[in-house]
S.K.: 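Structure below; questions to follow.
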Amino acid sequence: MMKHKYTIYLTMMLAAVIATGCKQHAITDDMTDSEKLEVLDLQIEKHPNDAALLAQRAQVLLNLGRAKEASYDINKAVKAEPDNDKYLMLQADIFFANGDVSNSYSALSAAEKLSPDSKEVQLKMGELTFYSKDYDRSIKHLTKVTEKEPDNRTALFMKGFIYKETGDTMSAVTLLRKVCDLYPEYEPAFEELGILYATHHDPMAVEYLATALRLEPTNTNAMYALAMYYQETEEYAEAEKLYRQMLDVNPNSSDALNNLGWLEKEVYGDMDRALEYFTRALDANPQNEEAQKNVAIFTENK
């Protein structure tokens with residue numbers, strides 16, 4: 001009888017050990033990517049041709065900024081399961097991370113053939129062509145997304161940005177305002193719409209750029225656009241205040257330094273301080289053409 005109890009006890013202990021081992025080698029949501037990688041390395045060591053594990057590890061490696069290593073795993077996974085659109089989309093992300101835009105688009109095109117109605121595939125194709133500035137093709141893909149989901153934030157924003165870049169101001173304003181109305185915490189839309197208004201000297205620039213800065217107080221692009229609006233509308237004190245805020249965020253902001261120099265020269269008449277700012281702007285960025293011109297003017301007049 002004792003022997004039977006002892007056998008049961010050993011069996012229970014062995015089951016507990018096995019369960020603990022399995023738990024230690026399972027991925028959980030609370031793990032860091034480094035921890036997930038350790039687990040996946042062990043699993044793939046035992047199952048080197050498991051496409052799902054390889055794709056998982058490729059994603060983790062991509063998250064860790066190790067895109068070149070990720071490409072080996074995802075290429076192997078796609079070769080094992082060429083009809084898996086999820087693997088193809090991940091492969092496209094990895095190609096893009098490695099700077100290979102052409103193969104990234106090819107991978108997405110293959111995914112599109114497998115899932116022609118996939119909004120996710122169309123959105124990725126729209127994003128890829130957007131970042132590579134292939135705007136005609138991007139609009140085509142993004143429109144397919146908004147036809148299925150009219151309020152898709154990413155697609156609407158990118159379409160609005162493209163219209164802004166290509167000079168279709170009316171369409172840009174319409175879409176960017178829609179994004180701002182639908183997503184009042186989405187700072188990029190307020191920034192881009194504010195910049196668009198500022199470019200046309202429209203007072204609405206103040207409202208949208210101020211909102212962008214409320215949402216992201218260190219956004220120097222919004223600061224600069226608003227400062228330039230104030231400078232061009234001769235509200236010099238407000239412009240100066242924003243240029244100094246830019247320097248609080250980035251003490252080497254060449255644009256802020258150059259424009260403070262402009263204020264000193266054209267508004268306050270302090271030529272010594274103007275030259276100091278122009279020189280600092282040029283030191284911060286030797287490619288700043290405005291600073292180059294301003295320093296040259298002082299040099300020629302000496």
Side-chain angles (χ1 to χ4, degrees), residues 123 126-127 130-131 133 135 138-139 142-143 145-146 149-268 277 281 284-285 288 290-291:
L123 186 58
E127 289 177 312
F130 171 83
Y131 288 119
K133 296 188 176 182
Y135 290 147
S138 183
I139 285 289
L142 294 172
T143 298
V145 175
T146 53
E149 188 180 337
D151 294 342
N152 185 285
R153 188 185 75 179
T154 301
L156 287 173
F157 173 73
M158 287 188 173
K159 287 176 72 175
F161 186 93
I162 290 170
Y163 289 135
K164 169 178 167 284
E165 289 294 291
T166 54
D168 187 349
T169 302
M170 186 176 295
S171 296
V173 168
T174 299
L175 287 182
L176 291 172
R177 289 192 69 166
K178 182 175 182 178
V179 177
C180 290
D181 291 341
L182 290 171
Y183 305 98
E185 301 300 310
Y186 189 55
E187 176 269 332
F190 287 91
E191 176 190 335
E192 291 302 330
L193 187 54
I195 290 172
L196 185 59
Y197 279 130
T199 301
H200 292 83
H201 304 104
D202 189 317
M204 290 294 290
V206 176
E207 176 185 341
Y208 283 97
L209 290 170
T211 301
L213 288 170
R214 175 181 61 79
L215 295 170
E216 181 46 72
T218 61
N219 184 338
T220 54
N221 287 333
M223 284 182 208
Y224 184 72
L226 185 53
M228 282 297 295
Y229 172 82
Y230 282 134
Q231 181 175 314
E232 290 172 359
T233 55
E234 299 185 0
E235 297 177 71
Y236 298 125
E238 292 298 322
E240 181 180 357
K241 179 181 175 182
L242 285 160
Y243 291 137
R244 296 196 183 283
Q245 286 181 18
M246 288 177 67
L247 293 177
D248 288 339
V249 177
N250 176 17
N252 293 315
S253 172
S254 185
D255 289 331
L257 290 165
N258 182 71
N259 284 19
L260 283 169
W262 184 92
L263 289 174
E264 292 292 347
K265 177 175 178 286
E266 301 294 336
V267 179
Y268 307 130
Y277 279 121
N285 177 16
N288 186 327
E290 287 299 316

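The basis for the numbers below is simple: all heavy atoms, side chains too, and nothing from hydrogens, waters or symmetry mates.
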S.K.: Out of Leu260, Asn288, Asn250, which one pairs with Asp255 under the side chain to side chain contact (heavy atoms under 4.5 Å, CB included) rule?
M.R.: Asn288

S.K.: Evaluate side-chain contact (heavy atoms from CB on, under 4.5 Å) for Ser253 paired with Thr220, printing each intermediate quantity in order.
M.R.: CA-CA 9 Å; Ser253 172; Thr220 54; over 6 Å; no

S.K.: Does Asn219 use its side chain to pair, donor to acceptor, with the backbone of Ala222 at less than 3.5 Å?
M.R.: yes

S.K.: Just how far is it from atom OH of Tyr277 to atom CG of Leu247, taken to the nearest 0.5 Å?
M.R.: 7.5 Å

S.K.: In Å, rounded to the nearest 0.5 Å, how long is the span from CD of Glu290 to CG of Asn285?
M.R.: 12.0 Å

S.K.: Please find out if less than 6.0 Å separates the ring center of Tyr236 from that of Tyr268.
M.R.: no

S.K.: Which heavy-atom pair separates Gly160 from Ala172 by the least distance, and what is that distance?
M.R.: O-CB, 3.5 Å

S.K.: Would Lys164 and Ile195 satisfy side-chain contact (heavy atoms from CB on, under 4.5 Å), going step by step from the backbone distance to the final call?
M.R.: CA-CA 10 Å; Lys164 169 178 167 284; Ile195 290 172; 4.2 Å; yes

S.K.: Which pair of heavy atoms, one from Gly194 and one from Ala205, lies closest together, and at what distance?
M.R.: O-CB, 3.6 Å

S.K.: Should the ring pair Phe157 and Tyr186 be called parallel, tilted or perpendicular, given that the plane angle runs from 0 to 90° and is split at 30 and 60?
M.R.: perpendicular

S.K.: Given side chains that start at C-beta, do those of Tyr183 and Asp151 come closer than 4.5 Å, heavy atoms only?
M.R.: yes

S.K.: Can you list the steps and then say if Tyr229 with Tyr224 is a side-chain contact (heavy atoms from CB on, under 4.5 Å)?
M.R.: CA-CA 9 Å; Tyr229 172 82; Tyr224 184 72; over 6 Å; no

S.K.: Hey, does Tyr163 have a side-chain heavy atom less than 4.5 Å from the side chain of Leu176?
M.R.: no

S.K.: When rounded to the nearest 0.5 angstrom, what distance separates NZ in Lys159 from OG in Ser171?
M.R.: 9.0 Å

S.K.: Can you confirm whether Glu240 sits close enough to Asn259 that some side-chain heavy atom of one is under 4.5 Å from a side-chain heavy atom of the other?
M.R.: no

S.K.: To the nearest 0.5 Å, tell me how far Phe130 CZ sits from Met158 CE.
M.R.: 5.0 Å

S.K.: What distance do Leu213 atom CG and Glu191 atom CD have between them, rounded to the nearest 0.5 Å?
M.R.: 8.5 Å

S.K.: Tell me, do Tyr197 and Leu209 make a side-chain contact under 4.5 Å, heavy atoms counted?
M.R.: no

S.K.: Would you name the heavy atoms of Asn252 and Ala284 that are closest together and state the gap between them?
M.R.: O-CB, 3.3 Å

S.K.: When you check the side-chain N and O atoms of Thr146 and Asn152, is any donor under 3.5 Å from an acceptor?
M.R.: no

S.K.: Can you name the nearest heavy-atom pair linking Val179 to Ala189, along with the distance?
M.R.: CG1-CB, 3.6 Å

S.K.: Side chains of Tyr243 and Gln231: do they bring a donor and an acceptor to under 3.5 Å?
M.R.: yes

S.K.: What is the distance from atom OG1 of Thr154 to atom CD of Glu149, rounded to the nearest 0.5 Å?
M.R.: 9.0 Å

S.K.: Which atom pair, heavy atoms only, marks the closest approach of Cys180 to Leu193?
M.R.: SG-CD2, 4.2 Å

S.K.: Could you tell me whether the side chain of Arg214 reaches within less than 4.5 Å of the side chain of Phe190, counting heavy atoms only?
M.R.: no

S.K.: For a side-chain contact (heavy atoms from CB on, under 4.5 Å) check, start with the C-alpha distance between Leu182 and Leu156, then their side-chain angles and the critical distance, and finish with the verdict.
M.R.: CA-CA 11 Å; Leu182 290 171; Leu156 287 173; 4.2 Å; yes

S.K.: Over all heavy atoms of both residues, which pair between Ala155 and Leu142 is shortest? Give the atoms and the distance, please.
M.R.: CA-CD2, 3.9 Å

